[in-house]
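The structure appears right after this line, and notes come after that.
Note that this is a predicted model, so its numbers are computed, not measured.
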Amino acid sequence: EPMLRVMVLNAEEFRNDWEGRFKQMADLVKSVQPDVVAMQRLRVSLRSNSRSAQDSANEHQLNMLAALLPTEYNHSMYFRCTSYKDAEEGLGLISKLPLKPKPWKRLSVETTDADLNVRGIMSASVAAGP
């Protein structure tokens, strides 16, 4: 019977040496061959200088991983949860199958909580496979 294979990765756990870490993540995805890869704590650089739009896109960690995967992973979505001075952080999906976004939601933060990072819920429908 058909099964949907899903992998979840936390990009923050692959710190520092981003190029090396994303190669490790890509190797892991290639070995497991999931239909959908869900990621949390993805960073996007928001540095404002004379860099081109392509350079900025290349600093989007979802794009960094997608560039290292086989071309069959050609569907993706990103949801921003938190903004910082020079970056933002969010959730992402990369899929072999078409994705249809569903309502996304930012979760409220308790003002008494020491951790003020905004959390979010990202959801999508995944098209049935062949």
Side-chain angles (χ1 to χ4, degrees):
E1 98 187 34
M3 294 189 83
L4 179 69
R5 294 173 49 104
V6 178
M7 173 183 277
V8 179
L9 295 171
N10 183 329
E12 183 65 18
E13 296 307 316
F14 290 84
R15 299 176 204 215
N16 306 321
D17 180 23
W18 287 112
E19 289 184 26
R21 300 297 182 158
F22 275 84
K23 183 180 181 321
Q24 289 177 337
M25 283 194 273
D27 290 345
L28 183 60
V29 171
K30 290 174 191 175
S31 70
V32 175
Q33 299 180 6
D35 298 304
V36 179
V37 179
M39 297 184 69
Q40 60 188 23
R41 306 214 53 190
L42 290 166
R43 288 282 178 124
V44 179
S45 174
L46 299 176
R47 286 182 251 159
S48 57
N49 55 24
S50 60
R51 301 167 65 84
S52 71
Q54 182 61 43
D55 287 342
S56 295
N58 288 339
E59 290 189 7
H60 191 302
Q61 291 179 345
L62 189 67
N63 294 345
M64 289 171 64
L65 180 59
L68 298 172
L69 295 176
T71 57
E72 63 190 328
Y73 289 95
N74 60 353
H75 305 279
S76 65
M77 295 173 25
Y78 173 77
F79 174 60
R80 178 182 54 84
C81 292
T82 301
S83 293
Y84 303 104
K85 180 180 176 182
D86 61 353
E88 65 183 42
E89 189 172 275
L91 308 170
L93 295 173
I94 298 176
S95 176
K96 293 178 180 179
L97 305 169
L99 299 167
K100 180 178 179 184
K102 295 291 184 180
W104 303 351
K105 182 177 180 179
R106 282 189 181 79
L107 302 176
S108 63
V109 177
E110 295 293 326
T111 55
T112 57
D113 191 349
D115 178 2
L116 295 178
N117 289 314
V118 176
R119 305 296 196 262
I121 299 172
M122 175 185 198
S123 60
S125 294
V126 179

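- Listed by chain and number, the residues in a side chain to side chain donor-acceptor pair (under 3.5 Å) with Arg5 amount to none (sequence neighbours excluded).
- Taking the side-chain contact (heavy atoms from CB on, under 4.5 Å) definition, one finds that Ala38 meets it with Val8, Leu93, sequence neighbours left out.
- Every residue meeting the side-chain contact (heavy atoms from CB on, under 4.5 Å) condition with Leu68, not counting sequence neighbours, appears here in chain and number order: Phe22, Ala26.
- A pairwise comparison of heavy atoms in Pro70 and Lys30 identifies CD-CG, 4.0 Å as the closest pair.
- Nearest heavy-atom pair across Ser31 and Leu28 is OG-O, 2.9 Å.
- In this structure, Gln61 CD and Leu9 CG are separated by 11.5 Å, a value rounded to the nearest 0.5 Å.
- Across every non-hydrogen atom of Pro103 and Ser123, the tightest pair is O-OG, 3.2 Å.
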Please report the C-alpha distance between Met25 and Met39 in whole Å, then the side-chain angles of each, then the deciding distance to 0.1 Å, and finally whether the side-chain contact (heavy atoms from CB on, under 4.5 Å) criterion is met.
CA-CA 11 Å; Met25 283 194 273; Met39 297 184 69; 3.9 Å; yes
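- In this structure, Tyr73 has no side chain to side chain donor-acceptor pair (under 3.5 Å) partners at least two apart in sequence or on a different chain.
- Under the rule for a side chain to side chain donor-acceptor pair (under 3.5 Å), the partners of Asp27 that lie at least two apart in sequence or sit in another chain are Lys23.
- Here Lys100 pairs with Ser125 under the side-chain contact (heavy atoms from CB on, under 4.5 Å) rule; sequence neighbours left out.
- Note that the CZ atom of Arg80 and the CG atom of Leu91 stand 11.5 Å from one another [nearest 0.5 Å].
- Contact record, Leu62 with Ser76: CD2-CB, 4.0 Å, taken as the closest heavy-atom pair.
- At a threshold of 4.5 Å between non-hydrogen side-chain atoms, the residues Ser95 and Val36 count as touching.
- Atom CD1 of Ile94 is separated from atom CG of Leu65 by 4.0 Å, given to the nearest 0.5 angstrom.
- Atom NZ of Lys96 is separated from atom CG of Asn74 by 11.0 Å, given to the nearest 0.5 angstrom.
- Inter-residue side-chain proximity for Val126 and Asp35 is flagged as unmet; no heavy-atom pair is nearer than 4.5 Å.
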